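All values derive from a computational prediction rather than experimental measurement. These numbers come from the heavy atoms of this one structure, side chains and all, not from hydrogens, waters or symmetry mates. Positions are given from 1 along the sequence.
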Amino acid sequence: MAESTNAATVERAEPLAGLNPAQREAVLHFEGPMLVLAGAGSGKTRVLTTRIARLIEHHGVDPSRILSVTFTNKAAGEMRDRIARLLGEEPKGMWSGTFHAIGARILRSSAHHVGRKSSFTIYDEDDTLGVIKRIMEREGVPQKQYSPKVIASLISDAKNALVSPAEYESLAMDPVSRTAAKVYKQLEPTLRAANAVTFDDLLVLPVEIFRKDETTLARYRDRFQFILVDEYQDTNRAQFQFIKMLGSAHGNVVVVGDDDQSIYGWRGADIRNILDFEKEFSSARVVRLEDNYRSTPDILHVANAAITPNIGRKGKTLRATREAGEPVTLLAALDERDEADFILEEIKARRNRENRGLNEFAVLYRTNAQSRALEDALRRDAIPYRLVGSVRFYDRREIRDLMAYLKLIANPSDEEAFRRAIGVPKRGIGDSSVDTLAARAREARVSLSEVAAREDLQESLRPAARKALADFTRLISSLRERAKDTSVDVLIQELIGEIRYVEYLQAEGPESARDRIENLSALVNGAAETVIDDGGEVGLTPLDHFLQRAMLVAGADALDPSADAVTLMTLHNAKGLEYPVVFLTGLEDGLFPLSQSFDDPPKLEEERRLFYVGITRAEEKLYLSHTEMRRRNGELLPSIQSRFLREIAGAHLDERKTLRVSSMGRGTLGRESGFRGAYAARRTHDVPAWRKVDPISEAEQSQDEPRYVKGERVKHKLFGDGSIAELSGVGREVKAIIDFDDEMVGRKTIKLAYTTLERGQE
């Protein structure tokens, strides 16, 4: 205890002590824009926190005039704690949080500008998808022909790019886009009626408020005289515009990021935001943080070699501050089971030899499907593991049920919450009855809750359904009254008792119920721990606050670093994390990088950045692995080593082969006898003659995703031009649903192995 107190005193007394020259330059910079290019493991969090503390303590800036934007709630909390240690007290009044959390805070106080009340509900992806499905039903859009998820994704992309429904409609040229435009046009009025916003709206609507109301914009510009943004390389158009509108007047905008770690282009992040920062802020100073405090020289040598081929980057070279360690191991395995077995044995050996905890090991992969073989191996030896990116706590069915009630209590206009709550437990009111009520609500221009409370709008329902509606309405009204002076944890406990939810779960069986009931306890505990942040958010009741935090929590925020278990996760989930020992698996062309990036240079560069991110998660030991064969669609098919491995061939790797590769692999057996003979016994079924193809041509095909992409224009020899609406399957099983321009042809499902498509002109 005395030791930590003494460390805190030193940290407070000498905030600049120990900073390298580049870090010191970034911290000492006072006014004006600055771009800090922070390489992986270069101490950017220390730079940000020390800079904020210096603004407050040395320059006398009021904490309330500072806006600090992070990409996870966990990062925001850690940053606030470190600043408090540096200052010796909390930076009261400072806004620190994610773009979504800050957007929600601004919306609470200015909701009327965008047709909302301050008690609005935040819809997650499932809620938003439910709304889109119902709009499609109302508009007569066939969901088998047009996937609601595809429509939702197109609308999300449009929102994040700040493309309005009217503009999107004018740009829509193909059937899928025109359908999305029709749904997009109806989405905003539907959300307004429900007093709800989507995740995307938390970014878009603040920008809309600033554009609509100069007074509101001027107020926030005046308040936030110093703006700091972390992970700037991951910002999209809406986030960029938000920062530009707030900070362009005074120019005190400091962004920290790494162009080499921009890996979210698929969800709207625009690397140009960081590459073109100096164009938007012409007087910007650029500081490069290149000293790496995380990884050994061998790991950084591989990282630098991996990212060098990229053209779209500012350019920097990571320098190690740690002593030399083990070389990076490049492993050749026979198949995914052989790969998983090697990883398991290495973990066991290092755990015993080096006395490591299981939480010091991480296994990274490109796609979620790759976890299966790894999980099988770990379970076989009873090695505990945690799967990051699996079902979030707040996405579990029993939690969503109770959250629907809480949302409806907080916001009577929430149609999605009403629909879920009234169906659990069952009350004799089916979907058709709710659909009838919803139609009446739209006609009368009132909410579903109001229709449920008015008998004059329920004449089409049978008496039993009316009674059930009345009972449900009384329950929600009673809980809404109790919510005014009851803590959220107590409210949840009362809700569980009122609807007899435990009995409802137990009726499903004891095994299923046990875990679900434990999750209910965890929900109550989480609510009891919720404390309202200071800052005086308008209209934010304890229940509003709890719901907002629950909706905005990220998977990484809930990660317990102390849990003694091996971590399994995709490379995208690994961003921002670090582990002593890292296994980066599946390095085969078509899997990593994905085949759809082969003919798309920007996508291939993003795949390479993802490779770089994976490498730089390792502190002491890194394994890179690939297989000679991988099971796809129930069949073992040949693989080709990733081009990324060929690019780092000069990085002095420790090359190893598993015993199975040495005895059964391509190098020891002839191509025909080795590939076809050695694996025949391990196939799950006999392969029909028509599916037996040349190993090389098969390996060149996608190992995870098709070569084409949704929305792409193609030309068929018989049917003419069209647009790809859906893709499914892998390898020779890829099928494309194509909307052909010729109305006489219409929509057709085509197996790509049986035809040749030409890429069409946009």
May I ask you to decide whether R80 forms a salt bridge with E90, counting only side-chain N to carboxylate O separations under 4.0 Å? yes

Would you call E450 and R442 a salt bridge, taking side-chain N to carboxylate O under 4.0 Å as the test? no

Kindly state each residue pair satisfying side-chain hydrogen bond (donor to acceptor under 3.5 Å, both in side chains) with at least one member in residues 178-187, sequence neighbours excluded. none

Distance-only polar pair, side chains of T436 and R440, donor-acceptor under 3.5 Å: no

Candidates R108, H100, R105 - the one meeting side chain to side chain donor-acceptor pair (under 3.5 Å) with Q548: R108

Side chains of T128 and E125: is there a donor and an acceptor less than 3.5 Å apart? no

For the pair F210 and Y220, name the ring-plane relationship: parallel under 30°, tilted 30 to 60°, perpendicular over 60°. tilted

Strictly distance-based, threshold 3.5 Å: is any side-chain N or O of T486 a donor or acceptor partner for the main-chain N or O of R482? yes

Thinking salt bridges, do R419 and D435 make one under a 4.0 Å N-O criterion? yes

Give the intermediate values and the outcome of side chain to side chain contact (heavy atoms under 4.5 Å, CB included) for residues I263 and L571. CA-CA 9 Å; I263 59 173; L571 285 147; over 6 Å; no

Side chains of F120 and D414: closer than 4.5 Å at any heavy-atom pair? no

Using 4.0 Å as the upper bound for N to carboxylate O, is an ion pair formed by E188 and R192? yes

Please walk me through it: do L378 and L568 pass side chain to side chain contact (heavy atoms under 4.5 Å, CB included)? CA-CA 11 Å; L378 292 165; L568 308 181; 3.9 Å; yes

Shortest non-hydrogen contact between T567 and M569, atoms and distance: CG2-CE, 3.2 Å

K117 atom NZ: more than 12 heavy-atom contacts under 6.0 Å: no

H572 vs Y264 aromatic rings, parallel, tilted or perpendicular, using cut-offs 30° and 60°? tilted

Is the closest side-chain heavy-atom distance between F546 and M403 below 4.5 Å? yes

Member of V131, L154, I135 meeting the side-chain contact (heavy atoms from CB on, under 4.5 Å) criterion with V183: I135

Side chains of L479 and L491, heavy atoms from C-beta outward: is any pair under 4.5 Å? yes

Side chains of D489 and S487 only: does a donor on one sit below 3.5 Å from an acceptor on the other? yes

Is there a side-chain contact between Y405 and I492 in this structure, where contact means two heavy atoms from C-beta onward sitting under 4.5 Å apart? no

Have a look at D127 and tell me which of R400, R420, R134 forms a salt bridge (Lys or Arg N to Asp or Glu O under 4.0 Å) with it. R400

If I compare all heavy atoms of A452 with all of T473, which pair ends up nearest, and what's the gap? O-OG1, 3.4 Å

The test is side chain to side chain contact (heavy atoms under 4.5 Å, CB included); show your working for I155 and Y168 and say whether it passes. CA-CA 9 Å; I155 293 172; Y168 190 82; 6.0 Å; no

Is any side-chain heavy atom of K212 closer than 4.5 Å to a side-chain heavy atom of S110? no

Test Q370 against T367 for side-chain hydrogen bond (donor to acceptor under 3.5 Å, both in side chains), laying out the working first. CA-CA 6 Å; Q370 292 168 251; T367 66; 3.1 Å; yes

Y504 and I499: side chain to side chain contact (heavy atoms under 4.5 Å, CB included), yes or no, with the steps? CA-CA 9 Å; Y504 168 74; I499 64 174; over 6 Å; no

R500, CZ: over 12 other non-hydrogen atoms inside 6.0 angstrom: no

Validation row: I496, L402 side chains within 4.5 angstrom (heavy atoms): yes

Which atom of T98 lies closest to which atom of V69, heavy atoms considered: C-CG1, 4.2 Å

